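Written below as structure tokens is the structure these notes are about.
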Amino acid sequence: MRIAIDGPSGAGKSYLAKAIAAHYGFVHVDTGALYRALGLYALRSGLTKEGIAEICDDLDKIEVSLMFAKEGQRVLLCGEDVTDLIRTPEISMYASAVSAVPAVRAFLLETQRSIARTHSVVMDGRDIGTVILPDAEVKIFLVADDRARAARRLAELEAKGVKTSLEDVLADMAKRDENDRTRATAPAVAAEDAVLLDNSGLSREQTVAAAIKIIEEKRTT
Ligand code: DC
């Protein structure tokens, strides 16, 4: 069973994917972490966002992999567990920049597909329903209005001790979504057969319930 959850940043994909995975006993795969790990690599290598394509010179020596622990997914960059280092606003922008490089997307393709070959998965990202798992049994495109998304992202960052403002979060989010939606390779758009779920006015519990309803309807048809 493969469940694809795509959508813009801050829509609540990870929370939803985690809750659905727990409900069904499937593995939750947060694919954004792979791009974030490569964003961290680019930052550490001194690349600028404008010169990000230079990361291609290093792809044959970079290893990125996911591990699935009971508490959730861990991401390894060349053997180093970088899970807790990749959630900053700076890495978000680097991840978005690196994700527009076609060779990077090709590099991460098999890592993502191979997990879905061996496990039932709930995979969240931007191109899961369109590119990574085009035959997924269920595809959900999760959206929410800008203010709702920015307020949630701000709360997440504040909980991690990152100091920022709603205006800065809104501006970063708009820029990143624009990058992700308009890139030439695998733009972050809904698959034709995805079900659109707008959770602007929904609580987390209501969003999970709505998604499970969509999944159950798909499973029985
Ligand atoms: O979901 P996230 O915010 O952790 O993702 C970080 C960046 O990675 C996002 O700006 C776009 C990119 N990404 C992607 O292009 N494709 C995916 N499947 C997942 C993330």
Side-chain angles (χ1 to χ4, degrees), residues 2-18 21 27-43 49 52-53 55 64-66 72-75 77 82-116 121-134 136 139-144 146 149-150 152-157 160 162 164 169-191 194 199:
R2 291 152 301 173
I3 300 174
I5 302 184
D6 291 301
S9 52
K13 298 184 298 294
S14 270
Y15 176 82
L16 177 61
K18 207 176 279 173
V27 172
H28 168 219
V29 188
D30 163 10
T31 61
L34 296 167
Y35 293 91
R36 286 175 179 271
L38 287 184
L40 176 66
Y41 182 94
L43 178 67
K49 283 186 240 87
I52 205 91
I55 197 172
V64 190
S65 57
L66 298 177
Q73 163 189 300
R74 310 295 300 177
V75 58
L77 174 64
V82 295
T83 313
D84 300 325
L85 303 178
I86 57 173
R87 298 287 156 195
T88 64
E90 189 176 31
I91 295 295
S92 297
M93 296 311 271
Y94 265 86
S96 181
V98 100
S99 74
V101 179
V104 165
R105 305 202 71 84
F107 175 74
L108 294 176
L109 185 80
E110 188 48 29
T111 305
Q112 297 168 84
R113 283 197 181 148
S114 66
I115 301 166
V121 290
V122 186
M123 202 173 267
D124 79 78
R126 302 293 189 290
D127 62 340
I128 309 305
T130 50
V131 177
I132 305 298
L133 304 175
K139 298 180 186 178
I140 294 174
F141 198 79
L142 188 67
V143 295
D146 292 355
R149 293 190 294 124
R152 288 177 200 156
R153 187 43 61 92
L154 180 66
E156 270 171 32
L157 289 169
K160 290 193 186 104
V162 178
T164 180
V169 174
L170 261 172
D172 275 10
M173 202 169 246
K175 195 161 163 221
R176 192 146 72 92
D177 286 342
E178 170 80 4
N179 285 347
D180 297 343
R181 227 183 10 244
T182 57
R183 66 184 175 220
T185 310
V189 294
N199 73 357

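Below, all heavy atoms of this structure are taken into account, side chains as well, without hydrogens, waters or symmetry copies. This is a predicted model, so every value here is computed, not measured. One-based numbering, in listed order, for ligands and for the atoms of each.
Applying the side chain to side chain contact (heavy atoms under 4.5 Å, CB included) rule to T185 yields the partners P102, R105; only residues at least two apart in sequence or on another chain are considered. Qualifying side chain to side chain contact (heavy atoms under 4.5 Å, CB included) partners for V75, counting only residues two or more places apart in sequence or in other chains: A33, A37, V64, L66, V82, T83, I86.
Residue D30 has no nitrogen or oxygen atom sitting less than 3.5 Å from a nitrogen or oxygen atom of ligand 1, judged on distance alone. Distances between N or O atoms of R36 and those of ligand 1 include at least one value under 3.5 Å. The shortest N/O to N/O separation between R105 and ligand 1 falls below 3.5 Å. The N/O atoms of D124, backbone and side chain alike, include none that comes under 3.5 Å of an N/O atom in ligand 1. The shortest N or O to N or O distance between R183 and ligand 1 is below 3.5 Å.
For ligand 1, the atoms lying closer than 4.0 Å to a non-hydrogen atom of D127 are 16 (N), 17 (C), 18 (N). Each of the atoms 9 (C), 10 (O), 11 (C) of ligand 1 lies under 4.0 Å from some heavy atom of D180. The distance from ligand 1 to the heavy atoms of A95 drops below 4.0 Å at these ligand atoms: 6 (C), 7 (C). Atoms of ligand 1 found under 4.0 Å from any heavy atom of S96, numbered from 1 in the order shown, are 10 (O). Close approach to S99 involves these atoms of ligand 1, each under 4.0 Å from a residue heavy atom: 11 (C), 12 (C), 15 (O).
Ligand 1 lies less than 4.0 angstrom from a heavy atom belonging to R87.
At a heavy-atom distance under 4.0 Å, atoms from both the backbone and the side chain of R126 approach ligand 1.
Between A11 and R152, the shortest heavy-atom contact is O-NH1, 3.2 Å.
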